[in-house]
Number of protein chains: 2
Amino acid sequence: MKWTELRDQSCPVARALSVVGDRWTLLILRDCYFGIRRFDHFQERLGITRHVLSDRLKSLEASGILRREPYQQRPLRHEYRLTEAGKAFYPAFVAIVDWTEAHVPPKDGTSVRLLSKTSGEPIRPEVVDANTGEPITLTSVRGITPSMPEWDAKRG
Amino acid sequence: MKWTELRDQSCPVARALSVVGDRWTLLILRDCYFGIRRFDHFQERLGITRHVLSDRLKSLEASGILRREPYQQRPLRHEYRLTEAGKAFYPAFVAIVDWTEAHVPPKDGTSVRLLSKTSGEPIRPEVVDANTGEPITLTSVRGITPSMPEWDAKRG
DNA sequence: TAATGTCAGTTCTGTTTTGGAACCTATTAT
DNA sequence: ATAATAGGTTCCAAAACAGAACTGACATTA
(Lines give C-alpha, C1' and ligand atoms only; values in the text may rest on other atoms or scores of the structure.)
Protein backbone atom coordinates (compact mmCIF):
# COMPACT_ATOMS: atom_id res chain seq x y z
CA MET A 1 0.00 0.00 0.00
CA LYS A 2 1.26 3.43 -0.95
CA TRP A 3 1.02 6.48 1.28
CA THR A 4 -1.04 8.27 -1.34
CA GLU A 5 -3.54 5.43 -1.56
CA LEU A 6 -4.51 5.63 2.11
CA ARG A 7 -7.03 8.40 1.54
CA ASP A 8 -9.08 6.21 -0.76
CA GLN A 9 -9.34 3.27 1.64
CA SER A 10 -12.70 2.50 3.12
CA CYS A 11 -11.15 1.89 6.52
CA PRO A 12 -11.37 5.07 8.61
CA VAL A 13 -8.07 4.29 10.34
CA ALA A 14 -6.31 4.33 7.00
CA ARG A 15 -8.05 7.58 6.11
CA ALA A 16 -7.08 9.10 9.43
CA LEU A 17 -3.48 8.18 8.74
CA SER A 18 -3.66 9.85 5.35
CA VAL A 19 -4.31 13.08 7.25
CA VAL A 20 -2.49 12.87 10.57
CA GLY A 21 -0.37 9.74 10.21
CA ASP A 22 3.09 11.08 9.61
CA ARG A 23 5.95 12.11 11.79
CA TRP A 24 5.03 15.77 12.09
CA THR A 25 1.37 16.47 11.51
CA LEU A 26 0.16 15.70 15.02
CA LEU A 27 2.88 17.94 16.46
CA ILE A 28 1.82 20.74 14.14
CA LEU A 29 -1.75 20.23 15.28
CA ARG A 30 -0.62 20.32 18.89
CA ASP A 31 0.96 23.70 18.29
CA CYS A 32 -2.22 24.89 16.62
CA TYR A 33 -4.08 23.96 19.80
CA PHE A 34 -1.47 26.03 21.66
CA GLY A 35 -2.41 28.99 19.50
CA ILE A 36 0.48 28.94 17.02
CA ARG A 37 -0.48 30.21 13.59
CA ARG A 38 2.61 31.36 11.72
CA PHE A 39 5.16 29.56 9.64
CA ASP A 40 8.26 30.68 11.51
CA HIS A 41 6.71 30.02 14.90
CA PHE A 42 5.90 26.45 13.94
CA GLN A 43 9.38 26.04 12.57
CA GLU A 44 11.17 27.36 15.65
CA ARG A 45 9.08 25.41 18.11
CA LEU A 46 9.16 22.12 16.25
CA GLY A 47 12.65 22.08 14.79
CA ILE A 48 11.11 20.75 11.59
CA THR A 49 12.81 21.63 8.34
CA ARG A 50 11.14 24.47 6.49
CA HIS A 51 10.64 22.32 3.43
CA VAL A 52 8.72 19.62 5.27
CA LEU A 53 6.76 22.20 7.26
CA SER A 54 5.68 23.86 4.04
CA ASP A 55 4.58 20.47 2.71
CA ARG A 56 2.63 19.54 5.83
CA LEU A 57 0.83 22.85 6.08
CA LYS A 58 -0.22 22.50 2.44
CA SER A 59 -1.54 19.02 3.02
CA LEU A 60 -3.36 20.03 6.21
CA GLU A 61 -4.94 22.82 4.24
CA ALA A 62 -5.88 20.40 1.44
CA SER A 63 -7.43 18.06 4.02
CA GLY A 64 -9.55 20.84 5.44
CA ILE A 65 -7.89 20.81 8.87
CA LEU A 66 -6.26 24.22 8.54
CA ARG A 67 -7.08 27.19 6.41
CA ARG A 68 -4.62 29.77 5.16
CA GLU A 69 -5.70 33.33 5.75
CA PRO A 70 -4.06 36.67 5.00
CA TYR A 71 -3.39 38.68 8.13
CA GLN A 72 -1.69 41.61 6.39
CA GLN A 73 -1.16 43.11 2.96
CA ARG A 74 2.18 44.65 1.88
CA PRO A 75 3.91 42.40 2.21
CA LEU A 76 1.17 39.82 1.85
CA ARG A 77 1.41 37.36 4.73
CA HIS A 78 -0.73 34.38 5.63
CA GLU A 79 -1.33 32.47 8.81
CA TYR A 80 -2.72 29.01 9.37
CA ARG A 81 -5.86 28.65 11.43
CA LEU A 82 -7.86 25.67 12.57
CA THR A 83 -11.04 24.92 10.67
CA GLU A 84 -14.04 23.34 12.35
CA ALA A 85 -12.71 19.94 11.32
CA GLY A 86 -9.39 20.80 12.92
CA LYS A 87 -11.05 21.89 16.15
CA ALA A 88 -13.21 18.77 16.07
CA PHE A 89 -10.11 16.62 16.28
CA TYR A 90 -9.33 18.02 19.71
CA PRO A 91 -11.24 15.38 21.71
CA ALA A 92 -9.37 12.60 19.92
CA PHE A 93 -6.17 14.50 20.59
CA VAL A 94 -7.01 14.65 24.30
CA ALA A 95 -7.76 10.93 24.32
CA ILE A 96 -4.31 10.24 22.85
CA VAL A 97 -2.62 12.55 25.35
CA ASP A 98 -4.46 10.89 28.22
CA TRP A 99 -3.44 7.41 27.12
CA THR A 100 0.14 8.52 26.70
CA GLU A 101 0.32 10.03 30.17
CA ALA A 102 -0.91 6.75 31.57
CA HIS A 103 1.11 4.30 29.47
CA VAL A 104 4.16 5.98 27.99
CA PRO A 105 5.93 7.49 30.98
CA PRO A 106 8.25 10.44 30.43
CA LYS A 107 11.88 10.17 31.49
CA ASP A 108 11.72 13.29 33.56
CA GLY A 109 8.80 14.02 35.83
CA THR A 110 7.20 16.83 33.88
CA SER A 111 3.81 16.40 32.35
CA VAL A 112 0.95 18.29 30.85
CA ARG A 113 -2.14 18.94 32.88
CA LEU A 114 -5.50 19.72 31.42
CA LEU A 115 -7.79 21.85 33.54
CA SER A 116 -11.46 22.56 33.11
CA LYS A 117 -12.02 26.22 32.37
CA THR A 118 -15.23 26.27 34.33
CA SER A 119 -14.16 24.46 37.47
CA GLY A 120 -10.41 24.91 37.32
CA GLU A 121 -10.04 21.28 38.32
CA PRO A 122 -7.96 18.75 36.39
CA ILE A 123 -10.07 16.91 33.86
CA ARG A 124 -10.23 13.14 33.62
CA PRO A 125 -10.89 12.37 29.95
CA GLU A 126 -12.96 9.33 29.15
CA VAL A 127 -14.42 8.04 25.89
CA VAL A 128 -18.03 7.09 26.40
CA ASP A 129 -21.03 6.12 24.33
CA ALA A 130 -23.11 9.28 24.30
CA ASN A 131 -26.28 7.18 24.11
CA THR A 132 -25.70 5.37 27.38
CA GLY A 133 -22.86 7.19 29.09
CA GLU A 134 -21.00 3.89 29.34
CA PRO A 135 -17.22 3.91 28.81
CA ILE A 136 -16.09 2.39 25.54
CA THR A 137 -13.68 -0.51 25.86
CA LEU A 138 -12.30 -3.17 23.59
CA THR A 139 -14.75 -5.69 24.99
CA SER A 140 -17.86 -3.53 24.97
CA VAL A 141 -17.90 -2.83 21.25
CA ARG A 142 -18.47 -4.89 18.16
CA GLY A 143 -17.40 -3.67 14.74
CA ILE A 144 -19.12 -4.21 11.45
CA THR A 145 -17.19 -3.60 8.26
CA PRO A 146 -17.48 -4.87 4.71
CA SER A 147 -13.94 -6.25 4.76
CA MET A 148 -14.24 -8.11 8.03
CA PRO A 149 -17.71 -9.07 9.21
CA GLU A 150 -16.36 -11.01 12.16
CA TRP A 151 -14.50 -8.15 13.83
CA ASP A 152 -15.99 -9.44 17.04
CA ALA A 153 -13.87 -12.59 16.91
CA LYS A 154 -11.35 -13.45 19.57
CA ARG A 155 -9.20 -10.49 20.46
CA GLY A 156 -6.37 -9.48 22.70
CA MET B 1 14.34 16.83 16.36
CA LYS B 2 15.19 13.24 15.63
CA TRP B 3 12.66 10.44 15.53
CA THR B 4 14.51 8.60 18.27
CA GLU B 5 14.46 11.62 20.56
CA LEU B 6 10.68 11.82 20.66
CA ARG B 7 10.36 9.26 23.42
CA ASP B 8 12.34 11.45 25.79
CA GLN B 9 10.29 14.57 25.26
CA SER B 10 8.17 15.79 28.11
CA CYS B 11 5.27 16.51 25.73
CA PRO B 12 2.89 13.56 25.71
CA VAL B 13 2.04 14.13 22.05
CA ALA B 14 5.67 13.66 21.14
CA ARG B 15 5.82 10.54 23.29
CA ALA B 16 2.65 9.21 21.69
CA LEU B 17 4.22 9.70 18.29
CA SER B 18 7.30 7.80 19.36
CA VAL B 19 5.01 4.81 19.82
CA VAL B 20 2.20 5.09 17.26
CA GLY B 21 3.33 7.93 15.03
CA ASP B 22 4.55 6.21 11.92
CA ARG B 23 2.95 5.08 8.73
CA TRP B 24 2.09 1.57 9.87
CA THR B 25 1.77 1.21 13.61
CA LEU B 26 -1.83 2.36 13.90
CA LEU B 27 -2.84 -0.02 11.12
CA ILE B 28 -1.11 -2.87 12.92
CA LEU B 29 -2.95 -1.91 16.07
CA ARG B 30 -6.22 -1.84 14.15
CA ASP B 31 -5.62 -5.39 13.04
CA CYS B 32 -4.81 -6.39 16.61
CA TYR B 33 -8.22 -5.02 17.59
CA PHE B 34 -9.65 -7.22 14.81
CA GLY B 35 -8.05 -10.22 16.45
CA ILE B 36 -5.00 -10.64 14.23
CA ARG B 37 -1.99 -12.08 16.03
CA ARG B 38 0.38 -13.70 13.58
CA PHE B 39 3.12 -12.33 11.40
CA ASP B 40 1.88 -13.62 8.08
CA HIS B 41 -1.68 -12.55 8.76
CA PHE B 42 -0.59 -8.98 9.46
CA GLN B 43 1.55 -9.05 6.37
CA GLU B 44 -1.18 -10.31 4.06
CA ARG B 45 -3.85 -7.98 5.37
CA LEU B 46 -1.70 -4.86 5.44
CA GLY B 47 0.47 -5.29 2.38
CA ILE B 48 3.37 -4.05 4.50
CA THR B 49 6.82 -5.33 3.65
CA ARG B 50 8.00 -8.10 5.92
CA HIS B 51 11.07 -6.16 6.93
CA VAL B 52 9.10 -3.15 8.14
CA LEU B 53 6.50 -5.35 9.81
CA SER B 54 9.24 -7.13 11.71
CA ASP B 55 10.61 -3.77 12.82
CA ARG B 56 7.25 -2.40 13.93
CA LEU B 57 6.30 -5.50 15.87
CA LYS B 58 9.62 -5.32 17.69
CA SER B 59 9.11 -1.69 18.55
CA LEU B 60 5.53 -2.25 19.67
CA GLU B 61 6.83 -5.01 21.90
CA ALA B 62 9.56 -2.72 23.24
CA SER B 63 6.94 -0.06 23.97
CA GLY B 64 4.81 -2.50 25.91
CA ILE B 65 1.87 -2.36 23.51
CA LEU B 66 2.20 -5.93 22.30
CA ARG B 67 3.81 -8.98 23.82
CA ARG B 68 5.33 -11.87 21.93
CA GLU B 69 4.15 -15.25 23.13
CA PRO B 70 4.91 -18.77 21.97
CA TYR B 71 1.83 -20.55 20.73
CA GLN B 72 3.58 -23.77 19.75
CA GLN B 73 6.87 -25.63 20.15
CA ARG B 74 8.53 -27.54 17.30
CA PRO B 75 8.85 -25.44 15.40
CA LEU B 76 8.84 -22.67 17.94
CA ARG B 77 6.35 -20.02 16.82
CA HIS B 78 5.29 -16.79 18.44
CA GLU B 79 2.26 -14.60 18.11
CA TYR B 80 1.72 -10.98 19.08
CA ARG B 81 -0.94 -10.15 21.61
CA LEU B 82 -2.21 -6.90 23.05
CA THR B 83 -0.98 -5.97 26.50
CA GLU B 84 -3.15 -3.98 28.89
CA ALA B 85 -1.51 -0.81 27.59
CA GLY B 86 -2.41 -1.89 24.06
CA LYS B 87 -6.01 -2.54 25.01
CA ALA B 88 -6.11 0.76 26.86
CA PHE B 89 -5.42 2.61 23.64
CA TYR B 90 -8.72 1.41 22.21
CA PRO B 91 -10.82 4.37 23.38
CA ALA B 92 -8.39 6.81 21.77
CA PHE B 93 -8.52 4.66 18.67
CA VAL B 94 -12.31 4.88 18.63
CA ALA B 95 -12.13 8.66 19.05
CA ILE B 96 -9.87 8.88 16.00
CA VAL B 97 -12.14 6.61 13.96
CA ASP B 98 -15.17 8.66 14.94
CA TRP B 99 -13.53 11.93 13.94
CA THR B 100 -12.44 10.43 10.65
CA GLU B 101 -15.91 9.19 9.79
CA ALA B 102 -17.21 12.69 10.40
CA HIS B 103 -14.47 14.74 8.74
CA VAL B 104 -12.52 12.62 6.25
CA PRO B 105 -15.18 11.18 3.98
CA PRO B 106 -14.43 7.96 2.08
CA LYS B 107 -14.61 7.97 -1.70
CA ASP B 108 -16.94 5.03 -1.78
CA GLY B 109 -19.88 4.76 0.55
CA THR B 110 -18.62 1.98 2.79
CA SER B 111 -17.87 2.63 6.40
CA VAL B 112 -17.24 0.93 9.67
CA ARG B 113 -19.96 0.77 12.25
CA LEU B 114 -19.38 0.22 15.92
CA LEU B 115 -22.16 -1.47 17.82
CA SER B 116 -22.64 -1.82 21.54
CA LYS B 117 -22.40 -5.45 22.53
CA THR B 118 -25.02 -5.03 25.19
CA SER B 119 -27.65 -3.08 23.29
CA GLY B 120 -26.71 -3.94 19.73
CA GLU B 121 -27.23 -0.29 18.83
CA PRO B 122 -24.63 1.86 17.07
CA ILE B 123 -22.48 3.71 19.56
CA ARG B 124 -21.92 7.44 19.48
CA PRO B 125 -18.42 7.98 20.89
CA GLU B 126 -17.80 11.15 22.85
CA VAL B 127 -14.84 12.31 24.91
CA VAL B 128 -16.03 13.66 28.23
CA ASP B 129 -14.60 14.75 31.53
CA ALA B 130 -15.35 11.82 33.80
CA ASN B 131 -15.67 14.21 36.74
CA THR B 132 -18.52 16.20 35.30
CA GLY B 133 -19.74 14.26 32.28
CA GLU B 134 -19.22 17.37 30.18
CA PRO B 135 -17.89 16.92 26.63
CA ILE B 136 -14.31 18.04 26.17
CA THR B 137 -13.80 20.70 23.53
CA LEU B 138 -11.03 23.03 22.53
CA THR B 139 -12.69 25.89 24.37
CA SER B 140 -13.56 24.04 27.57
CA VAL B 141 -10.03 23.05 28.52
CA ARG B 142 -6.96 24.89 29.62
CA GLY B 143 -3.54 23.27 29.45
CA ILE B 144 -0.65 23.72 31.82
CA THR B 145 2.78 22.63 30.73
CA PRO B 146 6.31 23.61 31.72
CA SER B 147 7.18 24.60 28.17
CA MET B 148 4.18 26.81 27.57
CA PRO B 149 2.36 28.24 30.56
CA GLU B 150 0.03 30.27 28.42
CA TRP B 151 -1.49 27.38 26.51
CA ASP B 152 -4.79 29.07 27.12
CA ALA B 153 -3.87 32.00 24.87
CA LYS B 154 -5.81 32.83 21.77
CA ARG B 155 -6.57 29.75 19.74
CA GLY B 156 -8.33 28.64 16.57
C1' DT C 1 13.15 -40.51 0.69
C1' DA C 2 12.14 -36.54 -1.78
C1' DA C 3 9.48 -32.82 -2.79
C1' DT C 4 6.40 -29.38 -1.17
C1' DG C 5 4.30 -26.30 2.17
C1' DT C 6 4.06 -23.25 6.43
C1' DC C 7 5.58 -19.66 9.39
C1' DA C 8 8.54 -16.15 10.96
C1' DG C 9 11.56 -13.82 9.83
C1' DT C 10 16.45 -11.66 7.23
C1' DT C 11 19.00 -9.86 3.26
C1' DC C 12 19.44 -7.47 -0.90
C1' DT C 13 18.74 -3.41 -4.10
C1' DG C 14 16.63 0.70 -5.68
C1' DT C 15 13.22 4.50 -4.87
C1' DT C 16 11.03 7.97 -1.69
C1' DT C 17 11.10 10.81 2.07
C1' DT C 18 13.49 13.49 5.31
C1' DG C 19 17.22 16.47 7.45
C1' DG C 20 20.33 20.42 7.19
C1' DA C 21 21.68 24.33 5.30
C1' DA C 22 21.67 28.04 2.09
C1' DC C 23 19.21 31.00 -0.89
C1' DC C 24 15.16 33.99 -2.67
C1' DT C 25 11.49 37.77 -2.62
C1' DA C 26 8.88 41.57 -0.83
C1' DT C 27 8.67 44.95 2.42
C1' DT C 28 9.64 47.69 6.72
C1' DA C 29 12.94 49.57 10.06
C1' DT C 30 17.54 51.90 11.12
C1' DA D 1 22.38 51.64 2.00
C1' DT D 2 21.98 47.87 5.27
C1' DA D 3 19.80 44.87 8.09
C1' DA D 4 15.75 42.55 9.73
C1' DT D 5 11.29 39.97 9.16
C1' DA D 6 8.19 36.57 7.22
C1' DG D 7 7.32 32.88 4.28
C1' DG D 8 8.81 30.28 1.58
C1' DT D 9 12.14 27.33 -2.39
C1' DT D 10 16.33 24.81 -3.94
C1' DC D 11 20.11 21.79 -3.30
C1' DC D 12 22.49 17.62 -1.54
C1' DA D 13 23.28 13.85 1.74
C1' DA D 14 21.18 10.63 5.03
C1' DA D 15 17.50 7.78 6.53
C1' DA D 16 13.36 5.11 5.75
C1' DC D 17 10.70 2.32 2.80
C1' DA D 18 9.01 -0.96 -1.08
C1' DG D 19 9.56 -5.15 -3.59
C1' DA D 20 11.36 -9.26 -4.10
C1' DA D 21 14.20 -13.19 -3.06
C1' DC D 22 16.24 -16.01 0.38
C1' DT D 23 16.81 -18.72 5.05
C1' DG D 24 15.79 -22.08 8.65
C1' DA D 25 13.10 -25.15 11.27
C1' DC D 26 10.01 -28.10 11.02
C1' DA D 27 5.40 -30.77 8.96
C1' DT D 28 2.92 -32.96 5.36
C1' DT D 29 2.19 -35.33 1.25
C1' DA D 30 3.67 -38.43 -2.71
Side-chain angles (χ1 to χ4, degrees), chain A residues 1-9 14 17-29 31-32 35-63 66-81, chain B residues 1-9 14 17-28 31-32 35-63 66-82:
Chain A
M1 198 196 312
K2 292 268 176 63
W3 190 242
T4 46
E5 297 167 25
L6 281 172
R7 174 90 45 98
D8 303 333
Q9 297 271 113
L17 289 170
S18 78
V19 178
V20 298
D22 77 290
R23 248 183 258 279
W24 288 110
T25 301
L26 223 50
L27 290 170
I28 292 173
L29 218 42
D31 277 8
C32 291
I36 304 299
R37 292 173 177 178
R38 300 196 184 166
F39 191 94
D40 278 18
H41 294 169
F42 286 115
Q43 206 263 315
E44 281 158 27
R45 282 177 52 82
L46 294 170
I48 186 176
T49 63
R50 304 175 74 78
H51 179 32
V52 174
L53 176 59
S54 177
D55 251 36
R56 290 304 170 277
L57 291 172
K58 280 194 184 89
S59 99
L60 280 166
E61 196 195 353
S63 308
L66 299 180
R67 62 170 185 276
R68 191 160 168 273
E69 289 207 345
Y71 66 91
Q72 69 171 35
Q73 311 292 331
R74 351 179 34 88
L76 183 57
R77 295 275 187 265
H78 299 89
E79 63 185 7
Y80 296 87
R81 309 180 65 145
Chain B
M1 197 199 309
K2 292 269 175 63
W3 189 242
T4 47
E5 297 167 25
L6 280 173
R7 173 91 44 99
D8 304 333
Q9 298 271 114
L17 288 171
S18 77
V19 177
V20 298
D22 77 290
R23 248 185 258 279
W24 289 109
T25 301
L26 223 50
L27 290 170
I28 293 173
D31 276 8
C32 291
I36 303 299
R37 292 173 176 179
R38 300 195 183 166
F39 191 92
D40 277 18
H41 294 169
F42 286 113
Q43 205 264 316
E44 282 158 28
R45 283 178 50 84
L46 294 170
I48 187 176
T49 64
R50 304 175 75 78
H51 179 31
V52 174
L53 176 59
S54 178
D55 250 37
R56 290 304 169 278
L57 290 172
K58 279 193 185 89
S59 100
L60 280 166
E61 196 195 352
S63 308
L66 300 180
R67 62 171 186 276
R68 191 160 168 273
E69 290 207 342
Y71 66 91
Q72 67 172 35
Q73 312 292 332
R74 350 174 30 95
L76 183 57
R77 295 269 190 273
H78 298 89
E79 63 183 8
Y80 296 87
R81 308 179 67 144
L82 290 162

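All chains are named by letter (A, B, ...) in the order of the sequence lines, taking the proteins before the strands, and each is independently numbered beginning at 1.
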Practice item. Would you kindly check whether a donor in the side chain of B:Arg77 faces an acceptor in the base of C:dA8, or vice versa, at under 3.5 angstrom? Key: no

**Study point:** B:Ser54 side chain near C:dA8 phosphate (N/O to OP1/OP2, under 4.0 Å)
**Key:** no

Check your understanding: For D:dC17, does OP1 or OP2 lie under 4.0 Å from any side-chain N or O of B:Arg56?
Key -> yes

Review point. Side chains of B:Leu6 and B:Val19: closer than 4.5 Å at any heavy-atom pair?
Key: no

Check your understanding: Within less than 4.0 Å of OP1 or OP2 of C:dG9, is there a side-chain N or O belonging to B:Tyr80?
Key -> yes

Check your understanding: When you measure from the side chain of B:Arg23, which nucleotide among C:dG19, C:dC7, D:dC17 comes out closest?
Key -> D:dC17

Review point. Hey, does A:His51 reach any base, or is it just sugar-phosphate, or nothing, if we go heavy atoms under 4.0 Å?
Key: base

Point to revise | d(CG, B:Leu6; P, C:dG19) in whole Å | key: 10 Å

Review point. Is a salt bridge present between A:Arg77 and A:Glu79, judged by a nitrogen-to-oxygen distance below 4.0 Å?
Key: no

Practice item. Between B:Leu57 and A:Thr49, name the one whose nearest nucleotide on DNA chain C is closer to the 5' end. Key: B:Leu57

Check your understanding: When you check the phosphate oxygens OP1 and OP2 of C:dG19, does a side-chain N or O of A:Trp24 lie under 4.0 Å from one of them?
Key -> yes

Practice item. Establish whether the base of D:dC26 is bridged to the side chain of B:Arg74 by a donor-acceptor pair shorter than 3.5 Å. Key: no

Exercise for review: Answer yes or no: does a side-chain N or O of B:Lys58 lie under 4.0 Å from OP1 or OP2 of C:dT10?
Suggested key: yes

Practice item. Let me know the distance between CZ of B:Phe39 and C1' of D:dG24, rounded to the nearest Å. Key: 14 Å

Practice item. Answer yes or no: does a side-chain N or O of A:Arg50 lie under 4.0 Å from OP1 or OP2 of C:dG20? Key: no

Review point. What is the distance from CG of B:Leu27 to P of D:dA18, rounded to the nearest Å?
Key: 11 Å

Review point. Would you call A:Arg37-A:Asp31 a salt bridge at under 4.0 Å N-O?
Key: no

Check your understanding: With a distance cut-off below 6.0 Å to the six-membered ring centre and an angular limit of 45° from the axis, does B:Arg38 pair with B:Tyr71 as a cation-pi contact?
Key -> yes

Review point. Out of C:dT17, D:dC26, C:dC7, which nucleotide sits closest to the side chain of B:Pro75?
Key: D:dC26

Check your understanding: Tell me: CZ of B:Arg38 to P of C:dA8, nearest whole Å?
Key -> 6 Å

Check your understanding: Within the structure, does a side-chain N or O atom of A:Arg68 lie under 4.0 Å from either OP1 or OP2 of D:dG8?
Key -> yes

Practice item. Apply the side-chain hydrogen bond (donor to acceptor under 3.5 Å, both in side chains) test between A:Ser54 and each candidate in A:Arg50, A:Arg56, A:His51, A:Lys58; give the one that qualifies. Key: A:Lys58

Check your understanding: Starting at CG of A:Leu66 and ending at P of D:dG7, how long is that distance when rounded to a whole Å?
Key -> 14 Å

Check your understanding: Is the shortest side-chain N to carboxylate O distance from B:Asp22 to A:Arg23 below 4.0 Å?
Key -> no

Check your understanding: To the nearest Å, how far apart are B:Asp55 CG and D:dA15 P?
Key -> 15 Å

Check your understanding: In whole Å, what is the span from the CD atom of A:Glu44 to the P atom of D:dG7?
Key -> 10 Å

Check your understanding: With a 4.0 Å cut-off on heavy atoms, is A:Phe42 in touch with a base, just the backbone sugar-phosphate, or nothing at all?
Key -> nothing

Review point. Closest nucleotide of DNA chain C for B:His41 versus for A:Asp22: which of these residues is on the 5' side?
Key: B:His41

Review point. How many Å lie between CG on B:Leu53 and P on C:dG9, as a whole number?
Key: 8 Å

